[in-house]
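Below is one structure; the comments refer to it alone.
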Amino acid sequence: MKSINKRKPIRYTLFSLLVLGMSQTMSAEAFRVSKVHITAISQETYSETSVKLGINDALSIQLPKDSTFIEGLELKFDIPEAVAYWMDSVACSVYANIKPRPSESQIDYSGTRSYVSTLPGKLSWVLQVPLKKDNSIKSNNYTTKVDSVLTPEANVLFIRLQPVMKGVPEETLNAKIPITVKPILTNKGLLKLDIKTPEKEKGECSVFIDDKIAELKNGTILLETGIHNISIISEKYRNELRTVRIDQAKETDLTVEMKSIAPTLLVTAPEGTKILLDGEVFTNIGSEIIISEGEHKLSFSIGDYELVKTISAIKGKTYKASFALDLEITEE
């Protein structure tokens, strides 16, 4: 980032009092701004937005009602040279409990500062605001991270600019500061698992994800992006295995239909084949049906040709019986 090398004599008095007041009390303060700019984070696209703030302006950021995938906000300030030259002349404050609800027609507010800092003597400054305790946001030489985790009331984060130095020129006081707001997304996605059972009353099912027992909340769970193996284990139904791909900040729906643990039979045969199952005419050709445990006699006949097979059915098994006539011609 480009820095402004020239330095003016700086008076810290106003900003020092600001910080001192913040450290001594956490009660709400009343203040007035010149104008409030309103912006919102889209839950569909999570795209960044940009606004231009004056030195006495404020920015209201409306977060989505469902902020599952947002672990923080990144604010990029493009600082005009007139402001960067007068380093520490403008303070940026962050509020998470602003009152009343921000609107473009309202200029008087109250709230408790969650963070305050002066704009540095640089032409660019990035402020990162964590919104979740378990976040992957890391500060570096190019960014500033708010130390505490903010929980915005009514999903509104309020950013306020104000002059904190006397004697700065009109050019500085009249400057416009472009701010780009971008959500910091977690590197996770949401799996929504819908387990359907053949009976109205569901049997107990255990869900394993990547060989570890999973605790789902209302059928959902946050997972790291990538490929995951899903195993559904039950004593009442057949075990089911699935593979899913989880994408960042997206919901993946997975529906699994559990099958009865009773043995099943699938029969295929050419048209015109007479089929008997335990002496009864069998007509469910090509469809999987449930059969009882134990021995079953299956007979196939076409004309005078007959073939009889016996099946010893046990729980959890599917039996496939395929009857075919084949004619092989060879040439020597």
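Just so it is clear, the structure is predicted and the values come from calculations on it, not from any experiment.
The shortest non-hydrogen separation linking L127 to C92 is CD2-SG, 4.4 Å. For F158 against A58, the heavy-atom pair with the smallest separation is CZ-CB, 3.4 Å. When every heavy atom of R238 is checked against every heavy atom of A262, the shortest pair comes out as NH2-O, 2.8 Å. The nearest pair of heavy atoms linking I302 to G272 is CG1-O, 4.4 Å. Taking all atoms of both residues into account, the shortest heavy-atom contact from P198 to S260 is CG-N, 4.2 Å. Of all heavy-atom pairs spanning V164 and D88, the tightest one is CG2-O, 3.5 Å.
Contact of the N284 side chain with the V267 side chain is not registered, since no non-hydrogen atoms from C-beta on lie closer than 4.5 Å. A 4.5 Å side-chain heavy-atom check between V36 and E104 finds every atom pair outside the cut-off. The shortest side-chain heavy-atom distance between V168 and V90 does not fall under the 4.5 Å cut-off. Looking at R160 and R113, their side chains come closer than 4.5 Å, going by heavy atoms from C-beta outward. Residues K176 and P80 form no side-chain contact, since every pair of their non-hydrogen atoms from C-beta on lies 4.5 Å or further apart.
Side-chain N or O atoms of T252 include none that pairs as donor or acceptor with a backbone N or O of L191 at under 3.5 Å. At least one donor-acceptor pair under 3.5 Å links the side chain of E71 to the backbone N or O of S136.
Of the N and O atoms on the side chains of D66 and T68, at least one donor lies less than 3.5 Å from an acceptor on the other residue. Looking at T264 and E288, their side chains do bring a donor and an acceptor atom within 3.5 Å of each other.
Hydrophobic side-chain contacts under 4.5 Å tie I137 into a cluster, directly or through other members, with I184.
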key: Steps toward salt bridge (Lys or Arg N to Asp or Glu O under 4.0 Å) verdict (D194, K192)   = CA-CA 7 Å; D194 183 14; K192 187 175 181 180; over 6 Å; no

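Under the 4.5 Å side-chain heavy-atom criterion for Ile, Leu, Val, Met, Phe, Trp and Tyr, L254 and M258 are members of the same hydrophobic cluster. Hydrophobic clustering, with ILVMFWY side chains joined whenever heavy atoms are under 4.5 angstrom apart, keeps L53 apart from V33. A continuous path of hydrophobic side-chain contacts links I221 to I246 [ILVMFWY only; heavy atoms under 4.5 Å]. A continuous path of Ile, Leu, Val, Met, Phe, Trp and Tyr side chains, each step under 4.5 Å between heavy atoms, connects L73 with V51, placing both in one hydrophobic cluster. One hydrophobic cluster, built from ILVMFWY side chains closer than 4.5 Å, holds both F323 and I289.
Around the CG atom of D147, the shell of radius 6.0 Å holds no more than 12 heavy atoms that belong to other residues, nucleotides or ligands. The number of heavy atoms from other shown groups lying within 6.0 Å of CG (D211) does not exceed 12.
Scanning for ring-ring contact (aromatic ring centres under 6.0 Å, His included) contacts around Y319 gives an empty result, with sequence neighbours left out. Partners of K182 according to the salt bridge (charged side-chain N to carboxylate O under 4.0 Å, His left out) rule, which considers only residues two or more places apart in sequence or in another chain, are E74.
For the side-chain hydrogen bond (donor to acceptor under 3.5 Å, both in side chains) criterion with W125, the lone passing option out of D78, T143, T144 is T144.
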